[in-house]
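Proteins get letters first, then strands, A, B, ... in listed order; numbering begins at 1 in each.
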Amino acid sequence: METRYDPGAVEARWQEAWEAEGLYAAHADDPRETYVVAFPPPNVTGELHLGHALQLALADTLVRWRRMQDYNVLFQPGYDHAGISTQSVVEKALERDGLSRHELGRAAFEERVWEWLRLYGGTIMTQFRRMGASMDYRRERFTMDDAYVRAVLQFFVHLWNKGYLYRDNRIVNWCPYHESALSDLELDHVDTDDELFSIRYPLADGDGHITIATVRPATILADVAVAVHPDDDRYRDLVGREAVVPFVERRVPIIADERVEPEFGTGALKVTPGHDPVDFEIGRAHGLPEPMVVRGDGRMNDVVPEVAGRTQEEAGDLVLAWCEERGLLEKREPYRHTVAVCERCASRIEPLISLQWWCRMDELKEPALAVLRSSDVRYHPPSQHRFAIGSLENAPDWNISRQIWWGHQLPVWYCPDGHPTVAPWEPDACAECGSGELERDPDVLDTWFSSALWPFATLGWPDDTPDLRRYYPGDFNITAREIIRLWENRMIFSGLELVGDIPFRDVIIHSTVLAVDGRRMSKSLGTGIDPLEPIDEYGADATRYGLQKISSTQDVRFSYGAIEEGRKLAIKLWNVARLILQNTEGVLPALEPRDLEERWILARLDDARAELEDAWGRFDFSESTATLYHLTFDDFCDWYAEAIKPRLYDRDGAAIATALAALEELLALLHPVMPHVTEEIWSQLPDRASRLIVSPWPEEDVRFSADAGALDRVQEAAQIFRRSGVQVELGSDDERRIFAAVVRPERAQSDGDRGAEIERLRKEVARAEGMLANERFVANAPTDVVAAEREKLERYRSELAALGG
RNA sequence: GGGCGGUUAGCUCAGCUGGUAGAGCGCCUGCUUUACACGCAGGUGGCCGGGGGUUCGAGUCCCUCACCGCCCACCA
């Protein structure tokens, strides 16, 4: 065995070996109970970031634990085509060659994306392997696989047949560069210096005016109303009258709406439903028209001929000049505010009205709400469960169409009269008028539309496959908090709708890893950390351990300290294995554990196994890492290994046999978290080390932490040591100290320590006496609490007596 | 503005159903020759954010205030 542990070499070797041996392979005909994880497919163009690393560390630990418990585990990897994200990456690559997708055309562009993916896509799977993720890599799935595309289109057809889909004009976040609608999550918000203009709209009947404020004077051309707050006394008598929009000189109503913020500007809002989300809502509520003056490329359309084709700045200047000439420009002032921009290209978002496909949520969400309310599907932690229910209850209709090229093109064809025909493949004729002239809808589906099918489309749905029958529903899913509404809830309702069952029972919402200074990790802030750095520096095992240790709370600061601790743990394990293995020679006879420390460590390992099962069952990784750390350092290395060292040197057969068995068990418990180092050590153990023990539990079983009777026996032993002048401390269940007293009598305390111990016991006795003397305590506290206190007092007194205090 | 979470040792954080505080790192002291200095033994260090309440008893439950953060929605 190497003197020093070198994670890099060991990890690379085992990752290769495991996969070559097919250890991760899942088989539908394997009769053992299944354990299935629906793991978030990363973007196909993505690279490993801390979110992935954390998800992998947690999921892979659970998966390995169950695999060791003889489950038929399915841990399936895959990629998401990530529509806008991928398209943007490829477009940027094209730009470097001086090309745009519009020059290429749709078909050629799609071919470029595929080509790009063949060349550069998929690096993240290599990085998953470096984390030691035990996925069945042969089963890699992609949301653009032929089979998957079929599932997506089938989903659309299904929703259409159920009457859930409709088309409607809605205001969308429009990126003028990508010429596409963006979801709210594809936006960044940046502080921007603008100008705020106060402009007078003359009243149509008679004198006077009403002054509005705007930063986008060009959109004045599309105004259809002026709105004020219904409780705003300043304008109360103006409501119901009309104002004249400058430049276009159109008469528009003055209306009252609660969405107007009276405090802002003059308290009067120009209503532009075509170019502002709030205005759109107001417009809909008041039945206003929805004209638009800005085109998809951000320039002015020809609705107002004077500005046709101009930029918004130019058009705005013309409008302002017009107002100024007529004395309508009341004020212009610097104004700093946040502006939504495209997160890919930083273009300023243009709210535009666009004809979109929508999915009604009212009926679809009910079954999902039912399984959440009944906790058939549970989010962890519970606060996220409540959040998931709340956000599903309030889920608005789902905009499922996107105006980009990379993705699943809508399975909708239009005849010249505009009748839509929905079919999973190209129909021969319009379903409504029979026309054979059909043109496919150019839009593609929202990326999350296909993601919603992930747990079952990856198993072959819509076909009734052996995989689907065997591995659905799954066990758990793990993801980040902000994905709940986008993905989790949608997987649940689509699983119920299409397959008739929940996709998984548990959803683990892991902590958000913040930068060391407590801010969010982001590339733009320069606060991001590449998980490959700690993997290179400390090893994958250490990184897995460190990430789990810090994964308990909602937000957690990244810390190398936790990973450093993981490295220490791996090294410690390595060294204690060296101690045992270096002193093991030849074939050993099967032996019984003989001495107290041997039975003690086996008991500890047994208890630890139960503790881990409990902690992992509750997805409490903070507790599981703490258990493993203390088991290894304190119990196994500091006490047990130190105690048996002399007998190992003497080649004591029983000591060696037990040590090997105990080591093997320790490795098994650590393996789910630190697979590489444990596997490396395990591979060097003599065959079937655990079989060296005939019976780990002799009749005179001593299980300190589990068995109160055993504690009594240890107490007796301790009394004997005391009589021979050895000081021991019997805390209520401080087994390590008992153990120390029993097996290491040479560590007797000095007289000074003894004085301190007497002092401590006196304080304890005084405290217990005080509590028991308190009549209200005795009367009101639960009887077992009082009894426990009496017991403690008894014990402290006897220990004090034994010390001569 | 809405939702959620945090505030415990110098730092990063544990503290399960209430019984007067723990870990790792750091720091201090002492230990280097048959696993490990990437180590061992021991030690220093905390009015558990402020205030109020419930209780015999509150880091733990309730209310409130103050900061900090995350997510979502955002003022034309």
Open item on the list: Considering every strand and a 4.0 Å limit on heavy-atom distances, what is the contact class for A:Tyr629: base, sugar-phosphate, or nothing?
Closed with: sugar-phosphate
Task: Beyond-backbone contact of A:Val10 with A:Val677, side-chain heavy atoms, under 4.5 angstrom - done: no
TODO: Under 4.0 Å between any heavy atoms, over every strand shown, what does A:Val576 touch: base, sugar-phosphate, or nothing? Just pick one.
DONE: base
Task: Dot-bracket summary - RNA chain B, pairs being Watson-Crick or G-U whose distances fall under 3.5 Å, with | when paired to another strand - done: (((((((..((((.....[..)))).(((((.......))))).....(((((..]....))))))))))))....
TODO: May I ask you to decide whether A:Lys568 forms a salt bridge with A:Glu565, counting only side-chain N to carboxylate O separations under 4.0 Å?
DONE: no
Open item on the list: Counting only side-chain nitrogens and oxygens, does A:Tyr5 get under 4.0 Å of the OP1 or OP2 atom of B:A35?
Closed with: no
- [ ] Rounded to whole angstrom, note down the P distance from B:U7 over to B:U17.
- [x] 15 Å
- [ ] Would you please say whether a donor-acceptor pair under 3.5 Å links the side chains of A:Lys549 and A:Ser559?
- [x] no
Open item on the list: Quick check for you: to the nearest 0.5 Å, what is the distance between A:His676 atom NE2 and A:Arg544 atom CZ?
Closed with: 6.5 Å
Task: OP1 or OP2 of B:C4 under 4.0 Å from side-chain N/O of A:Tyr379 - done: no
- [ ] Tell me what A:Ala213 touches on the nucleic acid: a base, only sugar-phosphate, or nothing, going by heavy atoms under 4.0 Å.
- [x] base
TODO: Using ring pair (Phe, Tyr, Trp, His ring centres under 6.0 Å) as the criterion, list what pairs up with A:His337, not counting sequence neighbours.
DONE: A:Tyr335
TODO: Answer with base, sugar-phosphate or nothing: what part of the nucleic acid does A:Arg485 contact at a heavy-atom distance below 4.0 Å?
DONE: sugar-phosphate
TODO: Select base, sugar-phosphate, or nothing to describe what A:Phe558 touches, counting heavy atoms under 4.0 Å on all strands.
DONE: nothing
- [ ] Ignoring hydrogens and angles, tell me if any N or O in the side chain of A:Thr266 forms a donor-acceptor pair with the backbone of A:Thr211 under 3.5 Å.
- [x] yes
Task: N/O (side chain, A:Lys572) to phosphate O (OP1/OP2, B:C40) under 4.0 Å - done: yes
Task: Parallel, tilted or perpendicular: ring planes of A:Phe558 versus A:Tyr560, cut at 30 and 60 degrees - done: perpendicular
TODO: Describe the nucleic acid contact of A:Lys549 in one word from base, sugar-phosphate, nothing, applying a heavy-atom distance below 4.0 Å.
DONE: nothing
- [ ] Please confirm whether any donor atom in the side chain of A:Glu565 sits under 3.5 Å from an acceptor in the base of B:A23, or the reverse.
- [x] no
